[in-house]
**Q** 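I'd like to ask you about the structure that follows.
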Amino acid sequence: MAKQNVAEQFVDILVRAGVKRLYGVVGDSLNPVVDAIRRNSAIDWIHVRHEETAAFAAGAEAQITGKLAACAGSCGPGNLHLINGLYDAHRSMAPVLALASQIPSSEIGLGYFQETHPERLFQECSHYSELISNPKQMPRLLQTAIQHAVGQSGVSVVSLPGDIASEPAPDKAAETALVTSRPSVRPGDTEIDKLVELIDAADKVTLFCGSGVAGAHAEVMEFAGKIKSPIGHALRGKEWIQYDNKFDVGMSGLLGYGAAYEATHECDLLILIGTDFPYNAFLPDDVKIAQIDVRPEHLGRRSKLDLAVWGDAKETLRCLTPRVRPKDDRRFLDRMLKKHADALEGVVKAYTRKVEKHVPIHPEYVASVIDELADEDAVFTVDTGMCNVWAARYITPNGRRRVIGSFSHGSMANALPMAIGAQFTDTERQVVSMSGDGGFSMLMGDFLTLVQYDLPVKVVLFNNSSLGMVELEMLVAGLPSYGTTNKNPDFGAVARACGAYGVRVEKPKDLEGALKAAFKHKGPALVDVVTDPNALSIPPKISAEMVTGFALSASKIVLDGGVGRMLQMARSNIRNVRGL
């Protein structure tokens with residue numbers, strides 16, 4: 001039996017860690033690793049058209065599966081292209097292992113062709129970034145990288161020179177155990193005692209939840225029911241907490257809606273659960289605040305806390321709920337539920353009024369039709385910008401659907417690459433990319449990846465021929481829009497030229513049929529929907545600082561409303577309150 005080389009050992013360790021595919025673009029410094037993958041039936045090489053796509057795809061796979069995913073780039077420019085997608089994965093707390101191959105080890109530090117120092121360059125977007133300069137470092141260094149990525153929920157980067165990858169692996173390399181999952185974290189009794197005291201002393205408690213409540217839906221509902229608390233959420237918490245939630249009062253922040261803002265400001269005690277909500281301008285500064293988070297570095301970095309509790313949401317609530325006193329007074333909860341329903345009633349007409357005649361098409365209407373037609377377990381990948389708004393307000397979570405995007409890093413062009421990673425995890429599951437024309441055209445080359453692998457991703461393109469969110473930002477700053485217009489082709493025709501299903505929709509009456517046909521199509525499909533560039537969004541609460549240079553009266557012409565089927569849930573909750 002031939003002796004293993006370092007590349008083969010590297011690939012074997014990835015397989016043992018559960019990695020099923022490596023996204024990347026081939027290059028000479030990567031050749032030993034790619035060849036090792038070719039000869040290993042347990043792992044696939046996924047050839048994308050741009051390394052940024054590789055990193056986004058790996059990050060999406062990790063978010064969908066909760067397991068380690070991997071990407072790779074060849075030396076110099078190749079692995080530098082990974083950096084934006086790795087930033088996104090790291091800030092999304094997705095466990096990703098990135099292989100940054102390197103120039104020949106004997107040339108490092110001598111200004112060789114394509115020389116960079118990836119072990120330095122990736123430090124800010126990773127928990128671990130190191131260079132393998134000697135075969136004897138394998139497999140311990142790779143094991144350490146994997147455990148950083150999995151244990152700390154983020155990115156690890158391993159730099160590997162091509163010549164080192166080709167060298168024989170060390171004899172009798174230990175097959176050490178690999179950490180491939182995270183433990184539960186329970187707070188100490190002292191913190192639980194203090195939190196019980198705060199809750200029992202408060203008449204009005206509000207919960208504000210983020211993505212850290214994933215897997216803790218039942219525990220949050222039981223807790224909120226016992227203390228009669230309204231529940232608001234951040235964007236990343238929406239998919240985990242909004243469904244089957246009779247305490248829901250909506251979302252706060254720049255894309256917010258409903259009564260979440262009021263509920264967080266009119267309570268006696270605000271409990272932040274599993275959220276690193278970045279917009280502290282939307283958080284109160286005159287109520288008591290407790291925060292529960294499994295990441296201790298998140299505690300108190302957005303708000304001044306009265307109590308910091310280090311623990312995951314599920315275990316903390318399991319400890320907490322039996323110990324708090326039940327609250328009988330639900331007047332605060334009922335008032336917030338009523339405010340929430342009234343807020344949704346007041347804005348839902350924005351996309352329903354004469355929608356069948358409105359040309360260009362209301363993007364709100366497009367999102368609402370997607371929500372109605374998509375599968376109950378669909379994965380939605382969402383471009384940064386106005387697509388974030390429409391997904392936040394119109395895609396209805398149910399506990400089975402997933403909605404992922406660049407919600408923390410805020411990168412353009414993320415939806416299509418993320419859809420690639422999401423679709424590879426399950427080719428039978430529906431994946432819908434809600435793409436903006438600006439984001440899609442930025443990494444449009446990887447639409448060819450869908451065709452090459454016959455991935456049945458459905459791209460719905462919100463084509464307003466502009467960078468809509470940037471125009472809004474300029475408007476808010478009192479600036480005329482400039483440099484935001486896109487001259488676009490017929491993207492449906494482009495899709496057909498690539499060998500995929502493609503159609504362009506310009507009239508509302510044609511939308512539903514076009515989406516049904518695309519969703520039914522077995523392979524990749526693109527629906528190019530020409531949408532209204534004047535459809536913008538403003539936050540539910542506006543201060544003078546937020547609208548410098550932007551008259552408040554302008555809100556009358558801004559389509560800032562509509563929340564699709566969420567209104568139905570709010571009405572149902574009000575019926576429960578009224579006993580109807």
**Q** What I'd like to find out is whether the side chain of D437 reaches to under 4.5 Å of the side chain of N464, using heavy atoms alone.
**A** yes
**Q** I want to check something: taking the side chain as every heavy atom from C-beta on, are F247 and P230 in contact at a cut-off of under 4.5 Å?
**A**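 In short, these two side chains do not touch, never coming nearer than 4.5 Å.
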**Q** Is there a donor-acceptor pair closer than 3.5 Å between any side-chain N or O of S129 and the backbone N or O of Q123?
**A**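 No, the answer is negative, given that no donor and acceptor are paired below the 3.5 Å cut-off.
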**Q** Nearest 0.5 Å, what's the CZ-CG distance between R393 and L235?
**A**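 Answer rounded to 0.5 Å: 11.0 Å.
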**Q** Could you measure the distance from the OG atom of S211 to the CD1 atom of I273? Nearest 0.5 Å is fine.
**A**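 One finds 12.5 Å between OG of S211 and CD1 of I273.
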**Q** Taking all heavy atoms of M418 and all of A60, pick out the closest pair and write down the distance.
**A**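 That closest heavy-atom pairing would be O-CB, 3.3 Å.
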**Q** Is there a salt bridge (Lys or Arg N to Asp or Glu O under 4.0 Å) between D276 and R301 once you walk through the steps?
**A** CA-CA 8 Å; D276 192 34; R301 74 175 180 178; 2.5 Å; yes
**Q** Stepwise, does the side chain to side chain contact (heavy atoms under 4.5 Å, CB included) test hold for F208 with I271?
**A** CA-CA 6 Å; F208 187 73; I271 304 179; over 6 Å; no
**Q** Mind listing the closest non-hydrogen atom pair of D244 and H217 along with its distance?
**A** O-CE1, 3.6 Å
**Q** Taking N280 for its side chain and L283 for its backbone only, find out whether a donor-acceptor pair lies under 3.5 Å.
**A** no
**Q** Once side-chain contact (heavy atoms from CB on, under 4.5 Å) is applied, do any residues pair with R335, and if so which ones, sequence neighbours excluded?
**A**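 Counting only residues at least two positions away or on another chain, R335 forms a side-chain contact (heavy atoms from CB on, under 4.5 Å) with E266, F332, K339.
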**Q** Would you check if L443 and P417 make a side-chain contact, meaning some heavy-atom pair closer than 4.5 Å?
**A** yes
**Q** Any idea which heavy atoms bring H409 and D88 closest together, and the distance?
**A**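 Closest approach of H409 to D88: CB-OD1, 3.6 Å.
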**Q** Quick one: are P524 and D454 in side-chain contact, heavy atoms under 4.5 Å?
**A**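 Yes; the side chains approach each other to less than 4.5 Å.
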**Q** Can you tell me how the ring of F277 sits relative to the ring of Y279, calling it parallel under 30°, perpendicular over 60° and tilted otherwise?
**A** perpendicular
**Q** Donor-acceptor pair, distance only, cut-off 3.5 Å: does the side chain of N486 make one with the backbone of N488?
**A** no
**Q** Check whether any side-chain heavy atom of L511 sits under 4.5 Å from a side-chain heavy atom of Y365, and report yes or no.
**A**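 L511 reaches Y365 side chain to side chain.
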**Q** Does a side-chain heavy-atom distance below 4.5 Å link F462 with M386?
**A** no
**Q** Would you check if C125 and I83 make a side-chain contact, meaning some heavy-atom pair closer than 4.5 Å?
**A** yes
**Q** For side-chain hydrogen bond (donor to acceptor under 3.5 Å, both in side chains), just list the numbers for Y87 and E124, CA-CA rounded to whole Å, side-chain angles, deciding distance to a tenth of an Å, and then say yes or no.
**A** CA-CA 8 Å; Y87 260 98; E124 192 172 304; 3.1 Å; yes
**Q** For H265 and Y261, take the angle between the two ring planes, folded into 0 to 90°, and tell me which bin it lands in: parallel under 30, tilted 30 to 60, perpendicular over 60.
**A** parallel
**Q** Under a 3.5 Å cutoff, is there a donor and acceptor pairing between the side chains of Y23 and E61?
**A** yes
**Q** Start with the C-alpha distance between V369 and E372, add both sets of side-chain angles, then the distance that settles side chain to side chain contact (heavy atoms under 4.5 Å, CB included), and finish with yes or no.
**A** CA-CA 5 Å; V369 176; E372 292 289 343; 5.6 Å; no
**Q** Yes or no on side-chain hydrogen bond (donor to acceptor under 3.5 Å, both in side chains) for E376 and N398, after CA distance, side-chain angles and deciding distance?
**A** CA-CA 7 Å; E376 291 300 295; N398 58 10; 3.0 Å; yes
**Q** Using a strict threshold of under 4.0 Å (side-chain N to carboxylate O), is an ion pair present between E512 and K516?
**A**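 Answer for the salt bridge query: yes.
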**Q** Of the non-hydrogen atoms in G59 and A89, which two are nearest, and what is the gap between them?
**A**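 Shortest heavy-atom contact: CA-CB, 4.1 Å.
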**Q** Only pairs at least two apart or in different chains count here, so list each ring pair (Phe, Tyr, Trp, His ring centres under 6.0 Å) that has a residue in residues 485-507.
**A** F440-F491, Y501-H521
**Q** How far apart are the closest heavy atoms of S435 and D383, and which atoms are they?
**A** CA-OD2, 3.3 Å
**Q** Any ion pair linking K304 and D286 (charged N to carboxylate O, less than 4.0 Å)?
**A** no
**Q** Would you say D446 and H50 are linked by a side-chain donor-acceptor pair, where the criterion is simply a distance under 3.5 Å?
**A**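 No - no donor-acceptor pair under 3.5 Å links their side chains.
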**Q** So does A378 get a backbone contact from the side chain of R400, meaning a donor-acceptor N/O pair under 3.5 Å?
**A**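 Not a single qualifying donor-acceptor pair exists.
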**Q** Quick one: pull up CG in N84 and CG in N414 and give me the separation to the nearest 0.5 Å.
**A** 9.0 Å
**Q** Is the shortest distance from a Lys or Arg side-chain nitrogen in R402 or D377 to a carboxylate oxygen in the other one below 4.0 Å?
**A**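 Between D377 and R402 there is no salt bridge, as every charged N stays at least 4.0 Å from the carboxylate O atoms.
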**Q** So, taking the atom named CG in D293 and the one named CD in E297, what distance separates them when rounded to the nearest 0.5 Å?
**A**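 Rounded to the nearest 0.5 Å, the CG-CD separation comes to 8.0 Å.
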**Q** Mind running side chain to side chain contact (heavy atoms under 4.5 Å, CB included) on R429 and V379 for me, showing each step along the way?
**A** CA-CA 8 Å; R429 188 176 186 181; V379 177; 3.5 Å; yes
**Q** Any chance you could lay out the side-chain hydrogen bond (donor to acceptor under 3.5 Å, both in side chains) test for T396 and D371, step after step, and finish with the verdict?
**A** CA-CA 7 Å; T396 307; D371 185 51; 2.7 Å; yes
**Q** In Å, rounded to the nearest 0.5 Å, how long is the span from CD1 of I241 to SG of C209?
**A** 4.5 Å
**Q** Taking S411's backbone N and O only, do any of them form a donor-acceptor pair with S406's side chain (distance below 3.5 Å, no angle check)?
**A** yes
**Q** Take the angle between the ring planes of F424 and Y453 and call it parallel below 30°, perpendicular above 60°, tilted in between.
**A**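 Perpendicular, since the angle between the ring planes exceeds 60°.
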**Q** Carefully, step by step, assess L450 and Q423 under the rule side chain to side chain contact (heavy atoms under 4.5 Å, CB included).
**A** CA-CA 9 Å; L450 301 184; Q423 192 71 84; over 6 Å; no
**Q** Are any side-chain N or O atoms of H81 and backbone N or O atoms of E51, one a donor and one an acceptor, separated by less than 3.5 Å?
**A** no
**Q** When rounded to the nearest 0.5 angstrom, what distance separates NZ in K509 from CD1 in I361?
**A**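 So the gap between those two atoms works out to 11.5 Å.
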**Q** Taking the side chain from Q291 and the backbone from G300, do they hold a donor-acceptor pair closer than 3.5 Å?
**A** yes
**Q** Checking Q152 against H127 for the side-chain hydrogen bond (donor to acceptor under 3.5 Å, both in side chains) test, could you report, in this order, the C-alpha distance in whole Å, the side-chain angles of both residues, the deciding distance, and whether it holds?
**A** CA-CA 7 Å; Q152 297 185 37; H127 292 301; 3.1 Å; yes
**Q** Between K238 (side chain only) and A392 (backbone N and O only), is there a donor and an acceptor less than 3.5 Å apart?
**A**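 Yes; at least one donor-acceptor contact below 3.5 Å.
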**Q** Is a side-chain N or O of R91 found less than 3.5 angstrom from the main chain of S408, in a donor-acceptor match?
**A**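 Looks like yes, one N/O pair under 3.5 Å.
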**Q** Is the closest side-chain heavy-atom distance between Q430 and V432 below 4.5 Å?
**A**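 In contact.
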**Q** Among V96, L97, L86, which one satisfies side-chain contact (heavy atoms from CB on, under 4.5 Å) with S156?
**A**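 So, applying the side-chain contact (heavy atoms from CB on, under 4.5 Å) to S156 and each of V96, L97, L86, only L97 qualifies.
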**Q** Which atom pair, heavy atoms only, marks the closest approach of A343 to G258?
**A** CB-CA, 4.0 Å
**Q** Is there a donor-acceptor pair under 3.5 Å between the side chain of T275 and the backbone N or O of L272?
**A**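 Pair absent, no side-chain N/O of T275 close to backbone of L272.
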**Q** Between Y257 and H233, how do the two ring planes meet: parallel, tilted or perpendicular, split at 30° and 60°?
**A** perpendicular
